[in-house]
Protein chains: 2
Amino acid sequence: MKGALSQYLPILEWGKHYNRGQLASDLLAAVIVTIMLIPQSLAYALLAGLPPEVGLYASMLPLIAYGLLGSSRSLSVGPVAVVSLMTASAVGRIAEVGSMGYLDAAVLLALFSGAFLLLMGVLRMGFLANFLSHPVIAGFITASGIIIAVSQLRHLLGVHAHGDNLYEILLSLAEQASHTNLYTLAVGLPVLIFLFWVRKGLQPLLEKAGLSPFAAAMVSKAGPVVGVVMTSVAAVAFDLGAKNVALVGDVPSGLPALRLPPLHHEAWQELLISAIFISVIGFVESVSVGHTLAAKKRQKISPNQELIGLGAANIASSVSGGYPVTGGFARSVVNFDAGAETPAAGMFTAIGIGLAAIFFTPYLAYLPKATLAATIIVAVLSLVDLSILKKTWDYGYSDFIAVASTLFVTLVAGVESGVACGVFASLALHLYKTSKPHMAVVGEVPGTEHYRNINRHSVITHDEILSLRIDESLYFANASFIEDRIYALLEDYPHTRHVVLMCTAVNEVDLSALEALEAINERLGERDIALHLSELKGPVMDVLCKTHFLKQLTGKVWLSQHLAVTGIVEEMNQHKADNTENWDI
Amino acid sequence: MKGALSQYLPILEWGKHYNRGQLASDLLAAVIVTIMLIPQSLAYALLAGLPPEVGLYASMLPLIAYGLLGSSRSLSVGPVAVVSLMTASAVGRIAEVGSMGYLDAAVLLALFSGAFLLLMGVLRMGFLANFLSHPVIAGFITASGIIIAVSQLRHLLGVHAHGDNLYEILLSLAEQASHTNLYTLAVGLPVLIFLFWVRKGLQPLLEKAGLSPFAAAMVSKAGPVVGVVMTSVAAVAFDLGAKNVALVGDVPSGLPALRLPPLHHEAWQELLISAIFISVIGFVESVSVGHTLAAKKRQKISPNQELIGLGAANIASSVSGGYPVTGGFARSVVNFDAGAETPAAGMFTAIGIGLAAIFFTPYLAYLPKATLAATIIVAVLSLVDLSILKKTWDYGYSDFIAVASTLFVTLVAGVESGVACGVFASLALHLYKTSKPHMAVVGEVPGTEHYRNINRHSVITHDEILSLRIDESLYFANASFIEDRIYALLEDYPHTRHVVLMCTAVNEVDLSALEALEAINERLGERDIALHLSELKGPVMDVLCKTHFLKQLTGKVWLSQHLAVTGIVEEMNQHKADNTENWDI
């Protein structure tokens, strides 16, 4: 009973053994992650088209909820780039940016998303995430990175470009480029260059200066905070607001009010569909990070428990005025590298963000939006990895088609369509391949009991025995293909008296395939050719034994291909000997 | 070149050798099929909600078009039950029964359907039909039979019942039952009983009377014509029209005018979707019949050429004022049994129907609709086969779910939804199964080189070697499942130093699975366990050779599981001997 409870409340497990050493590690990690998260939360809220404080709200209660229910010890939950982009796109379809309805819709989206994740978790549907292949994930993350980076250029230039896909955004940017606010650019461009340098060049420099690699890495994570402080100071000093440089402006100070989001939003059906997509994408991102980090420490995460943890986090985000959250890649890696040992690190981070929300917000008024845009661009460009195209191109056409179609459709039609298209393409290609399975005529590798493809190995065959290996389960989609293939092969092997189907790769025989086998058995029988099966697996044999097929079979079922061939040869010799005897008499 | 041409125009092939014997056989078959087709065409037009002459029109030109282009020698093309039901449902959604728009829409549906079939044929997409499993086909045919039979009861009772699904039709029938026209019932019920008797009892009786089984079978096919003639005579004799018995009424006499259907119909998008469904269903019905009949004569049909033949038939139907057609089951079997040798039989049938349209239509005015309804009921009840439920229940849950969901959804929501649901369910179940593949720890069957499941066979194993057979291709949907399973198994086999993955059933390794294998290799390496692969198939080996994986592999790739185990044991002994030597020194 207690085991079952701690399965659903992982905190009972790790909390029992919590010690001072872990506390110290978790606190250090929390400080580092808090410093990194403050500019990031503001920036992602901007990306989602929401007021900056919403980013902070989404970084408090969700961390506590996930800490209580999540199964990963290192995951850091909060606003992330792709989900922010998807939120902007989903909410933008039904409300104007900046309007009250827009914020309400985003909060509602988090509620729906949380409810859906919880439902999936209770129904133990975590396995569904497996249907997003690595190429599809790589494709939509790279495409999202490109879209986000390009869309943030307008804040860097201080123009009002907009658009629903890459082409529209680029066109709009090109049109607006002449209206560039040079003061804004003078703030944004240096910050962008500074942040790129921090990411690439600062850490080695600090290490040279004598810092430990760990300290150097952690200090360089604070780069965005330096950018925030410097540009805010510059904005005050040069009165940039008066020069039309967009600033964050007044941010309400204090903690969010807890309230249920308004449920009367008219377009809730459309929001629900978007919430499903956001949930799935967020879950997949979170689980991939969680798996990677857990593996490094020989820990495990449970996908179904993750669904519950993320569901609770999203509901917590919603009731505290936040928007959809998930386990972010960058922040989780920082949390892990900073030494977080338990989910308590996340809870301490929540407290850190809370303190920032209470004491720090007045200073945000002068923060230029261009600084946040630069933060986003630097963060998302690290997600862009076009080498996956080359890699899949070299590897195989179906992976390439999956990644290319996901990438392309995401760029022109958004993440939801891109992912849907990628999943559909990869499943369709997989099914297409299994519907036309590889089949090999096999023969004995000399000196062994092993049978291999006659076209790839020099093997021993018998004129009267056609040994055929079917490289796929037999099911409705390939049943008639296999039937036709066998008849066609018999024309190439006219002396065949025995066909042995080597079923090493046959993991299933469904009813359609059974009917095809019955038809093959009957038609071969009419031509006086016996049908044999070899190496049938246990589960397949169990199913076939329930039918009449094995009784109707003109040949036999053999344990192995070798036994089949030697057995048939023996029978034929016996038969020949019998005939000779008869003839003698 | 000539071979290529006759591939697309099968008539060039069989026409070359056409002889007097074939002509005689084809003519006889044509006479029999014509007699059978006349009432059937009228009845199916009634079922589709169309004027009776439309059924005749759909039985002329389409037969000639199919005869020129189709690849089956016995298929008889024309109106069929399921397609008529689907036409009624598709057209009924956008037009009132009996209105001019209704007829236009049905004609347009045939045009779209024909164009779609042609397109599929040119793109060689015939393989798509394989994705309709036998249980799905059985499910929707049985459900359609039930719906059609029940819906025709209203004509038998002479009431105005209607509804979009079985429940609504039954409810409406129950409400209207009190308005039953007893004269109508007095016509319909005897015909119904007569037709059932003809189907079951007449043939044995005729055989007893001395007719050959062939003649007896052919004469009993004329049963519906007898019903038509008798009830028409009765209608005139007793002036049933005045007693509110619904009669067919005036039917325009002569051949249809050739014209392009009006393309200005407003709801063409909805029609297009229905046309796609009708095409697919019609194609599947046609190909199954075609395959069955061709196999009996050792002939072959080409699915892609069938698409072209059926496409041409539907376009021909459309330009001559007909509605969607396909290769029907009952009529094709009659055609085959009556001795049709070539598609010329179909062309002669077309001429027969044409003559009937010219000379016979005036006599149809007095034909009671109840007679046609009885014809339909008797025909479709032979399609109803609920035993498939029991058969699949015994066989396996996924086939049962496919048939039950198709049957149920077709009954409550129509053929299109039913088939879509069935295809989705069967694909989803197949993918689900492959996402959680069977894996077996295997050992050597004593005295052989064969390796089988340790739980099913008494086999020889080694403590330090874990031989694991994976019963599925490795692809994105099962990559992480397999990874987790291997780690879990290692906890059960703590002495393992070598893991050998026996890849007899691995027909593919996609990029996601390759990444999983790399992760497994690395994590096993950290624990000082070597990863080996055995029995990799040629195509899989080709793909892996293009990557760095085989170089990173901590173990080796072995030709067979037996070579792997003996090789590893030898190496371990060698190693032990080496260590002993070192220790000695």
Side-chain angles (χ1 to χ4, degrees), chain A residues 127 130-136 291 295 391-392 394-396 398-399 426-427 430-438 440 445 448-450 452-453 455-456 471-473 475-481 504-508 510-512 514-515 519 523 535 537-539 543 546-547 559-560 562-563, chain B residues 127 130-136 291 295 391-392 394-396 398-399 426-427 430-438 440 445 448-450 452-453 455-456 471-473 475-481 504-508 510-512 514-515 519 523 535 537-539 543 546-547 559-560 562-563:
Chain A
F127 75 91
N130 294 336
F131 287 96
L132 257 74
S133 68
H134 293 199
V136 170
H291 259 309
K391 192 174 175 187
T392 49
D394 291 341
Y395 191 75
S398 57
D399 282 306
S426 39
L427 289 177
H430 176 72
L431 289 171
Y432 177 74
K433 278 188 278 186
T434 62
S435 80
K436 300 193 167 180
H438 180 253
V445 179
T448 72
E449 298 180 1
H450 195 63
R452 293 304 283 255
N453 194 336
N455 296 325
R456 289 176 178 264
D471 287 354
E472 197 58 62
S473 291
Y475 78 115
F476 57 91
N478 59 27
S480 65
F481 175 84
T504 40
V506 175
N507 309 308
E508 194 202 346
D510 76 356
L511 193 64
S512 308
L514 176 70
E515 287 173 8
R523 282 188 61 187
E535 316 220 0
K537 291 174 186 179
V543 170
K546 288 192 288 184
T547 70
L559 183 69
S560 74
H562 185 68
L563 291 174
Chain B
F127 74 92
N130 293 336
F131 287 94
L132 257 76
S133 68
H134 292 200
V136 170
H291 260 310
K391 191 174 175 188
T392 50
D394 290 342
Y395 190 74
S398 57
D399 282 306
S426 40
L427 288 178
H430 175 72
L431 288 170
Y432 177 73
K433 277 188 276 184
T434 63
S435 79
K436 300 192 168 181
H438 180 253
V445 178
T448 71
E449 299 180 2
H450 195 61
R452 293 303 283 254
N453 193 339
N455 296 325
R456 287 177 180 263
D471 286 354
E472 196 58 63
S473 291
Y475 78 114
F476 57 90
N478 59 28
S480 65
F481 175 85
T504 39
V506 175
N507 310 308
E508 194 202 347
D510 77 356
L511 193 65
S512 308
L514 176 71
E515 288 173 8
R523 283 188 60 186
E535 316 220 0
K537 290 174 185 179
V543 170
K546 288 191 287 184
T547 70
L559 183 68
S560 75
H562 186 68
L563 290 174

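Model, not experiment: these values are computed from the prediction. Numbered from 1 within each chain, the chains take letters A, B, ... in sequence-line order.
Both the backbone and the side chain of A:S560 have a heavy atom closer than 4.5 Å to some heavy atom of chain B. Of the two parts of A:L563, neither the backbone nor the side chain holds a non-hydrogen atom closer than 4.5 Å to a non-hydrogen atom of chain B.
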Subject >> From CA spacing to verdict: side-chain contact (heavy atoms from CB on, under 4.5 Å), A:N478, B:F127 >> reply: CA-CA 9 Å; A:N478 59 27; B:F127 74 92; over 6 Å; no

Subject >> Verdict with supporting geometry, A:E508 and B:K433, side-chain contact (heavy atoms from CB on, under 4.5 Å) >> reply: CA-CA 9 Å; A:E508 194 202 346; B:K433 277 188 276 184; 2.5 Å; yes

Original post:
Does the side chain to side chain donor-acceptor pair (under 3.5 Å) test come out yes or no for A:S435 and B:N130, once each step is laid out?
Top reply: CA-CA 8 Å; A:S435 80; B:N130 293 336; 5.8 Å; no

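Ring planes of B:H430 and A:Y475: parallel class, angle under 30° (limits at 30 and 60°).
By number of non-hydrogen pairs under 4.5 angstrom with chain B, the leading residue of A:H438, A:K436, A:E515, A:R523 is A:E515. Highest contact tally toward chain B, considering only A:L427, A:T547, A:N453, is held by A:L427 [criterion: heavy-atom pairs under 4.5 Å]. Contact count versus chain B (heavy atoms, under 4.5 Å) is highest, among A:D399, A:T392, A:D394, for A:D399. Between chain B and the residues A:V445, A:T434, A:L132, A:T448, the most heavy-atom pairs under 4.5 angstrom are made by A:T448. Annotation: maximal heavy-atom pairing with chain A below 4.5 Å, among B:S398, B:G538, B:S480, occurs at B:G538.
In this structure, B:E535 does not pair ionically with A:R452, as no charged nitrogen and carboxylate oxygen lie closer than 4.0 Å. Using a cutoff of 4.0 Å between basic side-chain nitrogens and carboxylate oxygens, B:K537 and A:D471 are scored as salt-bridged.
Looking only at side-chain heavy atoms (C-beta outward), B:P539 and A:R456 come within less than 4.5 Å of each other. Contact check for A:K546 versus B:Y395: no side-chain heavy atoms found under the 4.5 Å cut-off. For the pair A:N507/B:E472, a side-chain contact is recorded, criterion being any heavy-atom separation below 4.5 Å from C-beta on. You'll find the side chain of A:L431 reaches within 4.5 Å of the side chain of B:L431, heavy atoms only.
Of the possible donor and acceptor atoms, one in the side chain of B:S512 sits under 3.5 Å from a partner among the backbone N and O of A:H134.
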